[in-house]
Amino acid sequence: VADLQAEVPGSGFDAAFSRMGTMFFANPVVAMRNVLQALRPGGRLLVLEFSKVWKPLAPAYDFYSFKLLPMMGEKVANDAESYRYLAESIRMHPDQESLKTMMEQAGLARVEYFNMSAGVVALHRGYKV
């Protein structure tokens, strides 16, 4: 996979995919613009990211993330802190609408998203026109 902060030559890919990656870019919009350059017209970018969970499930999800997950990490890996960090870092991902807006700012068209697992993750799709 190319470094998406650098320009990607060519423009012939049918699709590109990112999984839990936007938080690792200094500027995700710039990264997506570079991917857009590598796509052929009609090509699509798929982005799977942690997202904002369905509001009625938020208290249970927070309990699992911040209490149960670190406790299981302590029991299984003797490392509660890494699992606490994991829960905190997941909350740093953009929510569904924010990521949709970022993709549109990058120049993608017909951007839509599909919540999975009640919004724990969402798959975003946008097209190069």
Side-chain angles (χ1 to χ4, degrees):
V1 175
D3 175 0
L4 299 181
Q5 291 295 106
E7 289 192 29
V8 180
S11 59
F13 291 100
D14 292 326
F17 180 74
S18 171
R19 179 181 56 93
M20 313 318 179
T22 58
M23 69 181 274
F24 297 107
F25 295 113
N27 188 330
V29 173
V30 170
M32 287 185 264
R33 280 186 189 136
N34 289 325
V35 170
L36 189 62
Q37 292 176 20
L39 293 174
R40 67 165 176 76
R44 64 193 171 279
L45 173 61
L46 301 166
V47 180
L48 180 68
E49 285 291 347
F50 286 107
S51 296
K52 189 169 184 169
V53 72
W54 185 47
K55 195 168 188 160
L57 291 181
Y61 182 60
D62 285 345
F63 179 77
Y64 167 78
S65 298
F66 293 107
K67 301 292 185 194
L68 295 180
L69 190 61
M71 185 173 60
M72 290 184 290
E74 182 63 35
K75 299 277 187 222
V76 173
N78 197 29
D79 185 6
E81 191 56 37
S82 291
Y83 290 86
R84 205 169 286 111
Y85 171 78
L86 173 63
E88 292 167 1
S89 68
I90 288 171
R91 298 320 191 277
M92 301 301 292
H93 289 260
D95 66 26
Q96 293 89 324
E97 285 296 321
S98 296
L99 183 53
K100 178 182 178 187
T101 299
M102 292 165 62
M103 291 176 72
E104 291 168 340
Q105 290 171 343
L108 291 146
R110 300 186 346 248
V111 177
E112 58 186 336
Y113 60 85
F114 308 91
N115 285 325
M116 304 164 125
S117 302
V120 172
V121 296
L123 178 66
H124 286 68
R125 178 177 61 198
Y127 293 88
K128 179 177 183 175
V129 290

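Numbers here simply count residues along the sequence, with the first being 1.
Note on M116: it clusters hydrophobically with Y64, by side-chain heavy-atom contacts below 4.5 Å among ILVMFWY residues. The hydrophobic cluster containing L46 does not contain F114, counting ILVMFWY residues as joined when their side-chain heavy atoms lie under 4.5 angstrom apart, directly or transitively. Taken together through direct or relayed side-chain contacts under 4.5 Å among Ile, Leu, Val, Met, Phe, Trp and Tyr, M71 and F66 form parts of separate hydrophobic clusters. In this structure, F24 is not a member of the same hydrophobic cluster as F50, with clusters built from ILVMFWY side-chain heavy atoms closer than 4.5 Å. Cluster membership check: V120 shares its hydrophobic cluster with L57, using side-chain heavy-atom separations under 4.5 Å among Ile, Leu, Val, Met, Phe, Trp and Tyr.
Side-chain contact between M32 and M102: present, with at least one pair of heavy atoms (C-beta onward) separated by less than 4.5 Å. Residues K52 and Q96 meet the side-chain proximity criterion, which asks for heavy atoms closer than 4.5 Å. When side chains are defined from C-beta on, R40 counts as touching D14, because their heavy atoms get closer than 4.5 Å. A 4.5 Å side-chain heavy-atom check between R44 and F13 finds every atom pair outside the cut-off. Taking 4.5 Å as the limit, every side-chain heavy atom of R125 sits out of range of all side-chain heavy atoms of L45. Put simply, the side chain of T101 reaches to within 4.5 Å of the side chain of Q105, judged on heavy atoms. Residues M103 and V47 meet the side-chain proximity criterion, which asks for heavy atoms closer than 4.5 Å. Contact annotation: the side chain of T22 approaches that of P94 to within less than 4.5 Å [non-hydrogen atoms, C-beta and beyond].
A distance-only check finds a donor-acceptor pair linking the side chain of S89 to the backbone of L86 [under 3.5 Å]. Judged by distance alone, the side chain of N115 and the main-chain N or O of A118 form no donor-acceptor pair under 3.5 Å. A distance-only check finds a donor-acceptor pair linking the side chain of S65 to the backbone of Y61 [under 3.5 Å]. Of the possible donor and acceptor atoms, none in the side chain of R84 sits under 3.5 Å from a partner among the backbone N and O of L69. Under the 3.5 Å distance criterion, the side-chain polar atoms of E49 are matched with a main-chain donor or acceptor of G21. The closest donor-acceptor contact from the side chain of K128 to the backbone of P41 lies at 3.5 Å or more, if one exists at all.
Between the OH atom of Y113 and the CG atom of L123 there is a distance of 12.5 Å, given to the nearest 0.5 Å. Note that the CG atom of L48 and the OG atom of S18 stand 8.5 Å from one another [nearest 0.5 Å]. Rounding to the nearest 0.5 Å places NE2 of H93 at 4.5 Å from CE of M23. Taken to the nearest 0.5 Å, the CZ atom of R110 stands 12.5 Å off from the CD atom of E104.
When every heavy atom of V129 is checked against every heavy atom of A109, the shortest pair comes out as CG1-CB, 3.5 Å.
Looking at residues two or more places apart in sequence or on another chain, you find no ring pair (Phe, Tyr, Trp, His ring centres under 6.0 Å) involving Y127.
Counting only N and O atoms by type, the side chains of Y83 and E74 include no donor and acceptor under 3.5 Å apart.
Between D62 and R91 there is a salt bridge, since a side-chain N of the basic residue sits under 4.0 Å from a carboxylate O of the acidic one.
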